[in-house]
Amino acid sequence: MPELPEVETIMRRLRDGTQDHPPLPGHKIQSVEIFWDRIIQEPDHESFKKNLQGKAIIDTRRRGKFLHFPLNVGHLIGHLRMSGDMCMEKRVTAEGNAIPKEKYDQIIFNLNSNWRLAFNSIRKFSRMWVVEDPQSVFGELGPEPLSAAFTPERLDQMLHDHSRQIKPLLMDQKFIAGLGNIYTDEILFCARIHPLRKSNMLSKQESGHLFVAIQEVLRKGIQSSGASLDWMYRGGEFQSLFKVHQREGEPCPECGTIVKKFIVGQRGTYICPRCQKEPGAA
DNA sequence: ACGAGCGCCTGTCGGC
DNA sequence: TGCCGACAGGCGCTCG
């Protein structure tokens with residue numbers, strides 16, 4: 001599922017709480033249950049549990065597609081990859097009966113209250129870390145696309161530092177943090193740029209359009225609480241705003257040309273062949 | 001430096 | 001209806 005807007009939505013829900021559950025920060029971790037070993041990336045399982053026991057969660061943040069939970073000692077970090085969610089669940093019913101875990105909960109953090117934090121993932125690609133220094137996980141990530149440090153001038157420079165197909169470059173987390181397959185298709189359509197254009201061949205005007213498209217599409221995604229893709233994630237409504245992604249055979253909302261699907265960098269890619277001119281075309 | 005292929009998982013959908 | 005392959009939002013690895 002989750003790209004930047006979906007992770008941002010999950011982060012805010014945990015950080016601020018909802019009508020149904022309290023905020024996560026301020027809780028302490030009593031115990032940890034692991035149901036799929038390979039999710040723990042670092043350190044080994046026993047140290048992972050031991051390092052978390054009794055620790056206080058002091059904040060909830062996002063960096064790229066990572067969820068970041070600073071602790072009073074150390075940092076808990078999670079990445080959902082292709083599917084999943086993190087949510088607060090009740091541990092015990094009003095009658096005092098233990099509530100069983102959800103089917104796809106892979107890791108459960110029992111908190112010092114009637115709540116637990118569940119790391120939920122159907123496909124088990126997700127990863128978690130407990131580290132002293134979050135930079136050991138985030139160190140290679142590119143800039144946050146919605147931060148003040150990310151400017152049109154910087155993007156233009158970054159694009160010209162590479163000669164790569166623009167779509168795989170935008171999805172490279174070392175280039176920019178947070179973009180995935182869906183939002184990249186929407187961004188390139190919004191900027192009228194073909195996904196196979198070489199990054200260093202974009203004009204200053206095109207890189208300016210790309211900058212605006214990146215911020216606009218991400219902001220709209222966050223405003224819509226992200227995209228819900230069938231059973232993967234049932235958060236927001238952004239999928240109804242897709243202009244080209246998963247709309248093969250439908251008319252382009254701008255010009256009516258039929259949306260085309262092809263493969264770029266092994267990923268299904270949707271474009272309007274008229275709005276997004278192929279490299280080499282005038 | 002770059003791009004292609006593949007593996008990791010489970011579930012859904014379309015075709016036969 | 002049932003089976004089977006293709007495909008899905010990510011990412012890290014190897015190889016040429």
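Computed from a prediction, not measured in an experiment: that's the story for all the values here. Letters go in sequence order (proteins before strands), and every chain restarts at 1.
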### Task
Classify every nucleotide of nucleotides 1-7 of chain B by which part a protein heavy atom approaches to under 4.0 Å, writing B for the base, S for the sugar-phosphate alone and - for neither, in 5'-to-3' order.
-SSSB--
### Query
Are any of the side-chain heavy atoms of A/Pro253 and A/Arg247 separated by less than 4.5 Å?
no
Does [N] have its OP1 or OP2 closer than 4.0 Å to a side-chain nitrogen or oxygen of [X]?
| X | N | answer |
| --- | --- | --- |
| A/His79 | C/dG10 | no |
| A/Lys261 | C/dC7 | no |
| A/Arg123 | C/dG9 | no |
| A/Lys65 | C/dC11 | yes |

### Query
Base, sugar-phosphate alone, or nothing: which one does A/Arg127 contact when heavy atoms must sit under 4.0 Å apart?
nothing
### Message
Any base atoms under 4.0 Å from A/Lys167, or only sugar-phosphate, or nothing? Heavy atoms, all strands.
### Response
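Answer is nothing: A/Lys167 stays at 4.0 Å or more from every strand.
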For [X] and [N], give me the distance from atom [atom1] to atom [atom2], rounded to whole Å.
| X | N | atom1 | atom2 | result |
| --- | --- | --- | --- | --- |
| A/Trp36 | B/dC9 | CH2 | P | 5 Å |
| A/Met82 | B/dT10 | CE | C1' | 11 Å |
| A/Ile263 | C/dA6 | CD1 | C1' | 11 Å |
| A/Lys124 | C/dC11 | NZ | P | 20 Å |
| A/Gln41 | C/dG12 | CD | C1' | 10 Å |
| A/Leu80 | C/dC11 | CG | P | 11 Å |

### Query
Between A/Glu33 and A/Lys101, is there a side-chain N and carboxylate O pair less than 4.0 Å apart?
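The answer is no: the pair does not qualify as a salt bridge.
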### Query
Which residue pairs pass the side chain to side chain donor-acceptor pair (under 3.5 Å) test with at least one member in residues 255-267 of chain A, sequence neighbours excluded?
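Those involving residues 255-267 of chain A do not exist here.
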#### Entry: Residue pairs involving residues 210-226 of chain A (criterion salt bridge (Lys or Arg N to Asp or Glu O under 4.0 Å); sequence neighbours excluded)
A/Glu216-A/Lys220
### Query
What nucleotide among C/dC7, C/dG10, B/dG11 has an atom nearest to a side-chain atom of A/Arg267?
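Comparing C/dC7, C/dG10, B/dG11 against the side chain of A/Arg267, the answer is C/dG10.
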### Query
Of the nucleotides C/dC11, B/dT10, C/dG10, which has the atom closest to the A/Gln173 side chain?
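Taking heavy atoms from C-beta onward, the closest nucleotide is C/dC11.
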### Query
Is there a stack between A/Phe125 and B/dC8, judged by ring centres under 5.5 Å and planes under 30°?
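Per 5.5 Å and 30° rule: yes, stacked.
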### Query
In dot-bracket notation, what is the pairing pattern of DNA chain B, taking Watson-Crick (N1-N3 plus N6-O4 or O6-N4) and G-U wobble (N1-O2 and O6-N3) contacts under 3.5 Å, with [ ] crossing and | for other strands?
.|||||||.|||||||
Per-pair distances, 0.1 Å, donor-acceptor, side chain in residues 37-48 of chain A, under 3.5 Å, sequence neighbours excluded:
| from | atom 1 | to | atom 2 | distance (Å) |
| --- | --- | --- | --- | --- |
| A/Gln41 | OE1 | A/Arg127 | NE | 3.2 |
| A/Asp44 | OD1 | A/Glu46 | N | 3.2 |
| A/Asp44 | OD1 | A/Ser47 | N | 3.1 |
| A/Asp44 | OD1 | A/Ser47 | OG | 3.2 |
| A/Asp44 | OD2 | A/Ser47 | OG | 2.7 |
| A/His45 | NE2 | A/Asp37 | O | 3.2 |

### Query
Which class fits the ring pair A/Phe66 and A/Phe138: parallel under 30°, tilted 30 to 60°, perpendicular over 60°?
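Perpendicular.
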### Nearest-angstrom distance, P atom, B/dC9 to C/dC3
25 Å
## Note on the structure
Here the pair of heavy atoms bringing A/Pro143 nearest to A/Arg63 is C-NH1, 4.2 Å
## Note on the structure
ring-ring contact (aromatic ring centres under 6.0 Å, His included) pairs touching residues 9-37 of chain A, sequence neighbours excluded, are none
#### Entry: A/Phe150 and A/Phe211 aromatic centres sub-6.0 Å
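Yes: the rings meet the under 6.0 Å criterion.
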